[in-house]
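This report concerns only the one structure given below.
Only a predicted model underlies this, so the values are computations on that prediction, with no experimental measurement involved. Read the numbers this way: they start at 1 and go in the same order the structure lists the ligands and their atoms. Note: hydrogens, waters and symmetry copies are ignored here, and every other heavy atom, side chains too, is used. Positions are given from 1, in the same order as the sequence printed here.
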Amino acid sequence: MLSLPSSVTVAPGGGGLPRVRVEGPAATAELYLHGAHVTSWRPRGEDDVLWMSGASAYVPGTPLRGGIPICFPWFGASATDPSAPAHGFARRSAWELLGADEDGDDVTVRLGLGDSPATRDGVWPHRFAATCTVTVGHRLTVTLEVTNLDAAEVSFEEAFHTYLAVGDIGAVRVAGLDGATYLDRLAGAAPRTQHGAIRFTDETDRIYVGTRATVTVEDAVRQRAVSVAKQGSATTVVWNPWVERSAAIPDLGDDDWTGMVCVETANVGADAVRLAPGATHLMSATLGVGPLA
Ligand code: TA6
């Protein structure tokens, strides 16, 4: 039986799925064991920094829409089996609650996922141990640690597919990727170069390679800036579905594209992780929020 600090409670959430609530001194948060999925982070005095779809399913085996889905061990379609579920199995799996602690203004929750007959039976027949650590405070830090329990090297992709809430996507600038090379998933294979900040005028689905710097989402409507700092991540993905794609995705409302942007801390494609037997890789993202300068 786990002993949890008084700031951490577990109760049924959407669809009856187990939801961990954190009521910390500096912030509140919610996360589901399903997917180790953070669905809310609200620093005291702030609106939620994360965006959740009102149409999200809360069903075992189906990813939640919004918050911070964990994509692992592949990103997008599987390279070896296009019929395998998009973005891997981690966001569709029930993780185990390993424990929680308080330390000053921070509350940390730890979850774990290992291989199982179901994961080994698919396109990724490897043995692994993953832990997801979520620290809720003035900042939100999510860390994914993956250990290769196989006797051979293994390769995987990973992403925190973070949905950030914004006042109006038309008044958003994403700064920090100036000069970076990106692959535009909507415009063919030729690499492109980012000039200045990103502004949104249409569907945007870009993979910025070799990018380790902090990215900032400047929100002119909410007059706030959300920073995404990272460790152990060389890829940044930026996505907004815009009008038609929102309408085509069943668990997105038709107008949802106006109020969200995904800035994803990742290792995908050429930045995929290669892990020796017994080795552990760590990727973390730290979100912060403050007034727009
Ligand atoms: O990260 C961007 C992306 O890979 C897009 O291509 C887009 O389709 C999105 O993720 C959502 O994927 P999902 O499987 O959650 O519908």
Grouping ILVMFWY residues whenever side-chain heavy atoms fall under 4.5 Å, the cluster of M260 otherwise contains W51, Y163, W239, I249, L252
Residues 285-292 side chain polar contacts: donor-acceptor under 3.5 Å, at least two apart:
{"from": "T286", "atom 1": "OG1", "to": "T141", "atom 2": "OG1", "distance (Å)": "2.9"}

Check: Y32 ring centroid to Y58 ring centroid under 6.0 Å
yes
Residues pairing under salt bridge (charged side-chain N to carboxylate O under 4.0 Å, His left out) where one sits in residues 100-109, two or more places apart or in two chains, turn out to be D101-R110
Chain-and-number sorted residues having a heavy-atom contact under 4.0 Å with ligand 1 are R65, F75, A86, H87, R91, H161, R185, D205, V237, W239, R245, E264
* Asked: Is it true that E218 and R224 have a side-chain N and a carboxylate O under 4.0 angstrom from each other?
  -> no
- Is the ring centre of F72 less than 6.0 Å from the ring centre of F128? yes
